[in-house]
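Residue numbers count from 1 along this sequence.
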Amino acid sequence: MRVQEAQADAPLPLTPEESLRISEDLMAAGLVDEAVGLLLETVERYPEDWQHGVAAATFILRHTAVYDLAEKIVGIVLRHAPDSIPAHGLLLHIRVAREDIAGGRALFAELLDRYPEGTSLFFEQMSTALLQVGCPLESLQILMPCLESGMVTPTLLKNAGCAFYCLDRSKDAIPWYEKALALDSTDYGITFGYACTLIKAGRLQAALPRYFERDLKLADREAWYLSLPRLRPGDDVAGRRIVLYQEQGLGDTIQFIRFVPFLLARGCRIAVVVAPTLARLFRQSCPQVSVHETGCWAPQEGYDYATPIPDLPYIAGVMSVVDIPAPIPYLRADPDDVARFAAMLPVRQPRIGLVWAGQWRSQLIHALVDRRRSTTLAAMGAAFTPIDAALVSLQRGDPRGEIAGWNGQALCDPMEQVRDMADTAAIMASLDLVISVDTAPLHLAGALGCPVWLISRQDACWRWGDAGDRSPWYPTMRIFRAGERALGPVLQEVGKALRTWVATWKPTRMDISE
């Protein structure tokens, strides 16, 4: 249902139930401010309905990092139901989520003493919040005595699995997820977390069928091709027409588009639907397929299947990391664009491209990941410079504004002229090394065959595994893994390695425009 239709059909003022339903539609449409604003308005209109207030605050904390508003709603609840254990649990969660760990511990102890009947809920909230702020060891320290005492819930078991996952101990995480599944096989947080943990542990044969069952993240929920059958392993595609559409972020889309040749070799015709920033890059890299922009492709006749691009490893029958297609590059820069940007870059060599932050997104899970994966230009510059090389910014988005306050070694910033990922690829064609946090340009560099260094957060993404400095996805990648929550120490490690690399550098750059 369209958000506008949902709002038009509902009488005013909205009931609490209608408010939650429409807020879900608004959130799915990316209208975060509208969703949380509607919830607050409804809670203020019905303050005596404290159960709805709890549901509203829970919804906000599940989907956003708008802690002030969630706390305001919890305050309204506690004024009308001062002994509401769920509301106190949410307040505990908010305290820790704001990184007031000491205050959270004090409130945790106080709540356990005042409301012993809420013990399991308080342990769930405390351990969950610690995981969200990047404190898996602290979460595990709370969880293990609790679980060993016999206090077992699906959420506590799941959180134990998640903590081990975040500590890059995926094999230790698997049994905890399996225990959680035995108690509740319908909880999406458990089933999806288990799938990601299996991938991180390298058990792709078991993982990919479970990952296939994920909730799809659809940018255009009403796209005509979503009504087509979803492609599955074993489907006969010879002579068929298939739509591959972007479902997740730019990096995921770049990573998995490599499987297009697998389908083409089986005799099908392919249309790809992606964000505008990827369209031109894919057109010049995949001339055998038609490429369209999300939200701009009119309904077509004659297509047989549609599948999200992250399904492709499963469709292709990947059973282990040795089955990952290795031909690099599988994306290419346009020669004219390469020449245009080369004229803007410093003559000095080697040239090193830098990306210090990912794209901030409003949904809570993405906002928290971005907080853990990103650093600042000041922190990266302090660790890397001075260096006998030319530095080139590949940073886009709001963090690019940090360049204005940078007073260190000269940093070339051609990104004002960048329209899309094809332009970024053209800049990379003239670089000798790309150093990036875990975000889309990292994948682009890997797909182009550029030498690229990943600065990975402590709770490394499932695609990078638990250990090692190489990736089967990108043979030209070197991984530097943070051993703790802060990125400062790993930045120093990268800086040391960079000075060694510069001292021994010789021109070997590949031509990635052919």
Side-chain angles (χ1 to χ4, degrees), residues 39 43 49-167 173 176-177 179-184 187-190 193 364-365 368 459 485:
L39 289 172
V43 170
D49 188 348
W50 65 267
Q51 292 94 339
H52 168 67
V54 167
T58 300
F59 179 89
I60 292 169
L61 290 174
R62 182 177 296 124
H63 294 286
T64 81
V66 188
Y67 300 124
D68 288 346
L69 194 148
E71 186 168 12
K72 183 174 182 179
I73 290 177
V74 171
I76 294 172
V77 170
L78 290 175
R79 283 199 296 272
H80 289 80
D83 292 318
S84 167
I85 288 175
H88 283 293
L90 291 173
L91 195 61
L92 171 63
H93 184 110
I94 293 168
R95 184 75 55 84
V96 178
R98 283 178 157 164
E99 303 197 45
D100 180 5
I101 307 299
R105 289 185 181 278
L107 180 58
F108 181 55
E110 176 187 337
L111 291 174
L112 290 176
D113 184 58
R114 287 174 57 193
Y115 302 105
E117 66 273 28
T119 297
S120 62
L121 184 144
F122 297 142
F123 270 94
E124 290 176 356
Q125 293 283 17
M126 186 69 177
S127 59
T128 298
L130 285 168
L131 288 170
Q132 288 184 348
V133 297
C135 297
L137 183 59
E138 292 84 346
S139 182
L140 204 58
Q141 289 169 344
I142 288 212
L143 285 164
M144 295 313 293
C146 174
L147 291 167
E148 290 167 358
S149 73
M151 185 188 303
V152 174
T153 71
T155 297
L156 292 173
L157 293 166
K158 174 195 70 176
N159 285 357
C162 184
F164 281 113
Y165 170 98
C166 292
L167 291 167
W176 293 103
Y177 273 112
K179 291 175 184 177
L181 283 170
L183 294 183
D184 187 352
D187 185 298
Y188 180 69
I190 298 172
L364 180 63
I365 186 171
L368 293 171
D459 56 322
R485 184 183 179 201

### Query
Do Q132 and H93 have side-chain atoms, one donor and one acceptor, less than 3.5 Å apart?
yes
### Message
Apply side-chain contact (heavy atoms from CB on, under 4.5 Å) to residues F123 and T155 and explain how you reach the verdict.
### Response
CA-CA 10 Å; F123 270 94; T155 297; over 6 Å; no
## Note on the structure
Correct closest heavy-atom pair for A87 and L78 would be CB-CD2, 3.6 Å
### Query
Under 3.5 Å, side chain of T119 to main-chain N/O of P116, donor-acceptor pair present?
yes
### side-chain contact (heavy atoms from CB on, under 4.5 Å) evaluation trace for I60 with Y67
CA-CA 8 Å; I60 292 169; Y67 300 124; over 6 Å; no
### Candidate list I101, V133, L130, V96, test side-chain contact (heavy atoms from CB on, under 4.5 Å), partner E138, passing option
L130
### Task
Determine yes or no for a side-chain-to-main-chain donor-acceptor pair under 3.5 angstrom, with S139 supplying the side chain and C135 the backbone.
no
### CD-CG distance between Q125 and L61, expressed to the nearest 0.5 angstrom
8.0 Å
### Message
A side-chain contact here means heavy atoms from C-beta on lying under 4.5 Å apart; do S149 and P145 qualify?
### Response
no
### Query
Would you call the rings of F164 and W176 parallel, tilted or perpendicular if under 30° counts as parallel and over 60° as perpendicular?
parallel
### Message
Closer than 3.5 angstrom, by distance alone: can the side chain of H52 be matched with the main-chain N or O of L39 as a donor-acceptor pair?
### Response
no
### Message
Minimum heavy-atom separation for A57 and A70, please, with both atom names.
### Response
CB-O, 4.1 Å
### Distance-minimising heavy-atom pair for L107 and L92
CD2-CA, 3.7 Å
### Heavy-atom side-chain proximity of M126 to R105 below 4.5 angstrom
yes
## Note on the structure
The reported gap from CH2 in W50 to CD1 in I76 (rounded to nearest 0.5 angstrom) is 15.0 Å
#### Entry: Gap between atom CG of L112 and atom CD of E110 - 0.5 Å precision
10.0 Å
### Euclidean distance, L137 CG relative to L131 CG, rounded to 0.5 Å
11.0 Å
### Message
Quick check: closest heavy atoms across L143 and A160, and the distance to 0.1 Å?
### Response
CD1-N, 3.5 Å
### Summary
Note: L121 and G89 closest approach over all heavy atoms is CD2-CA, 3.7 Å
### Note, D459 side chain near P136 side chain (heavy atom, < 4.5 Å)
no
### Query
Is there side-chain contact between V77 and L90, with heavy atoms separated by less than 4.5 Å?
no
### Task
For residues T153 and S120, determine if any side-chain heavy atom of one lies less than 4.5 Å from a side-chain heavy atom of the other.
yes
### Query
Rounded to the nearest 0.5 Å, what separation is found between the CG atom of L111 and the CZ atom of F122?
4.5 Å
### Query
Rounded to the nearest 0.5 Å, what separation is found between the CD atom of E124 and the CD1 atom of I142?
13.0 Å
